[in-house]
2 protein chains.
Amino acid sequence: MTDAAPSYVPLSDHPAFLLSQLGSHSGYRFTDLLAPLGIKPSQFGTLRMLAANDGRTQQQLCEALNIHRNVMVGLVDDLEKRGLVERRKHPADRRAHAVHLLPAGQELMARGVAISIALDAELLAPLGAEDQAKLLELLQQLSVGNGLTPGVHPGMTGEPGQPKPCEPDH
Amino acid sequence: MTDAAPSYVPLSDHPAFLLSQLGSHSGYRFTDLLAPLGIKPSQFGTLRMLAANDGRTQQQLCEALNIHRNVMVGLVDDLEKRGLVERRKHPADRRAHAVHLLPAGQELMARGVAISIALDAELLAPLGAEDQAKLLELLQQLSVGNGLTPGVHPGMTGEPGQPKPCEPDH
DNA sequence: TATTGTTATACTCTATAACTATA
DNA sequence: TATAGTTATAGAGTATAACAATA
């Protein structure tokens, strides 16, 4: 395996590379589609989380999204400046802020959800209906089987953890 | 679609999210597995490219890998310091450097290839042989169908282009 | 003593421009 | 005038530590 001519399979035959390539593309596309709304994916994630459970503390949002608390401060700052969310007093813990979704935030979040659905369709367009369903199933198996937390993106700025992604061409 | 209760499909049911999540994981894993070798994915890509076609100019490497030339300088600097590659005079163009793979670079590249093969197996382990083949086929269709250049990673630092990936939880 | 939110600092990455030597 | 390689600079992004208020 360490010979002069190792297995020169093209990168496009490596599942790991294809996943990284397509995942990176998906992330870029989502970021681009979200840009006109004036929010980043991590902010959309925050809005989405609040829509499901309003009034969470920043700390709870950090845990759910795998974002460091130092970073969450800036995210919520931006969202609050834009009138999308609001920091209120937490009823039980005077240290914490309860973050609440405002009407404008609710609306923007809904537009983001629509975008994410449209992106699904865009990315899967090359496949027939049957293959689309099969792919979804396989990806879910991979996600669970590789120990990834459902709905949590590894690329976030969680606690220490990993270096940078990238995988240029492996 | 902009109603109070939009399609609250879990993120783990969004193919776009799953691709981003798994792709990010794949990239992190590859970076980690490569770390003991002392090189980054982009440097492995450079070595791999040279192994296929030695003596390329930095500019040619940039085009093949979608890396900006300013960044390539640093990558080759590092590789040269570690005795993995060597800059020589280009036979035809005195402005250009011909980058050549040294024996140590050849060996390291081969180890990287072995790692990328092992990573394929690791990531696909949750699937049976038949599903593994099916997934590879589907991913290749998606890559081509979405206009991605075979073997070229979008996450590289090419010309201007896109903002950042990330897609925290869309 | 531990936790929530915050701020400051350093470090890496990336983006842009500009410079040189050639073509 | 354009290109290959290089360098410098500014801007994101991230990581670490430390702080005040509260538990």
Side-chain angles (χ1 to χ4, degrees), chain A residues 24 27-28 31 35 39-43 45-46 55-81 85-100 153-168, chain B residues 24 27-28 31 35 40-43 46 55-81 85-100 153-168:
Chain A
S24 193
Y28 279 127
T31 302
I39 54 175
K40 296 177 292 184
S42 52
Q43 292 178 314
T46 303
R56 289 196 207 200
T57 67
Q58 295 181 194
Q59 183 57 34
Q60 288 172 325
L61 289 170
C62 288
E63 287 162 13
L65 294 167
N66 189 35
I67 293 178
H68 196 280
R69 62 207 215 299
N70 302 6
V71 176
M72 181 58 72
V73 174
L75 293 183
V76 176
D77 279 351
D78 281 352
L79 294 174
E80 198 167 31
K81 271 179 208 152
V85 305
E86 192 177 53
R87 276 186 255 235
R88 298 181 194 157
K89 294 178 196 166
H90 188 90
D93 189 337
R94 291 202 297 170
R95 295 172 302 179
H97 291 160
V99 185
H100 286 267
H153 199 285
M156 287 291 75
T157 161
E159 297 299 333
Q162 321 284 36
K164 299 289 135 186
C166 149
E167 181 159 357
Chain B
S24 193
Y28 280 128
T31 302
K40 297 176 293 185
S42 52
Q43 292 177 315
T46 302
R56 291 196 207 201
T57 67
Q58 294 182 192
Q59 184 57 35
Q60 289 172 325
L61 289 170
C62 287
E63 288 161 12
L65 294 168
N66 190 35
I67 294 178
H68 196 280
R69 60 201 160 91
N70 302 6
V71 177
M72 181 59 71
V73 174
L75 293 183
V76 176
D77 279 352
D78 282 351
L79 294 174
E80 197 167 33
K81 272 179 209 154
V85 305
E86 192 177 54
R87 274 186 256 238
R88 300 182 193 156
K89 294 178 197 167
H90 188 91
D93 189 337
R94 290 202 299 169
R95 296 172 302 179
H97 292 157
V99 185
H100 287 267
H153 199 285
M156 287 293 75
T157 162
E159 296 299 331
Q162 321 284 33
K164 297 290 133 185
C166 147
E167 179 160 359

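Residue numbering restarts at 1 for every chain, and letters A, B, ... go by the order of the sequence lines.
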Legend entry - Pairwise side-chain contact, B/R69 with B/Q58, heavy-atom cut-off 4.5 Å (strictly under): no

Legend entry - Results of side chain to side chain contact (heavy atoms under 4.5 Å, CB included) for A/D93 - residues two or more places apart only: A/H90, A/R95, A/A96

Considering only nitrogen or oxygen atoms on both sides, find all protein atoms under 3.5 Å from nucleotides 4-7 of chain C and state each distance.
residue	atom	partner	partner atom	Å
C/dG5	OP1	A/Q58	N	3.1
C/dG5	OP1	A/H97	N	3.1
C/dG5	OP1	A/H97	O	3.4
C/dG5	OP2	A/Q59	N	2.6
C/dG5	O3'	A/H97	ND1	3.4
C/dG5	O6	A/R69	NH2	3.4
C/dT6	OP1	A/R87	NH1	3.3
C/dT6	OP2	A/Q58	OE1	2.9
C/dT6	OP2	A/Q58	NE2	2.9
C/dT6	OP2	A/R87	NH1	2.7
C/dT6	O4	A/N70	OD1	3.0
C/dT7	O4	A/N70	ND2	3.1

Inset, instruction - Please examine the side chains of A/L75 and A/K40, heavy atoms only from C-beta on, and report whether any two atoms are closer than 4.5 Å. - result: yes

Legend entry - Distance, rounded to the nearest Å, where B/L61 contributes CG and D/dG5 contributes C1': 13 Å

Legend entry - Non-neighbouring partners of B/R94 that pass salt bridge (Lys or Arg N to Asp or Glu O under 4.0 Å), sequence neighbours left out: none

Inset, instruction - Using atom CD1 of B/I67 as one end and atom C1' of D/dG5 as the other, report the distance to the nearest whole Å. - result: 15 Å

Legend entry - Rounded distance (Å) that lies between atom P of C/dT12 and atom NZ of B/K40: 10 Å

Legend entry - Any B/T46 side-chain heavy atom under 4.5 Å of B/M72 side chain: yes

Legend entry - Whole-Å gap separating C1' (C/dT14) and CG (B/N66): 13 Å

Legend entry - A/L79 side chain reached by A/I39 side chain, heavy atoms, under 4.5 Å: yes

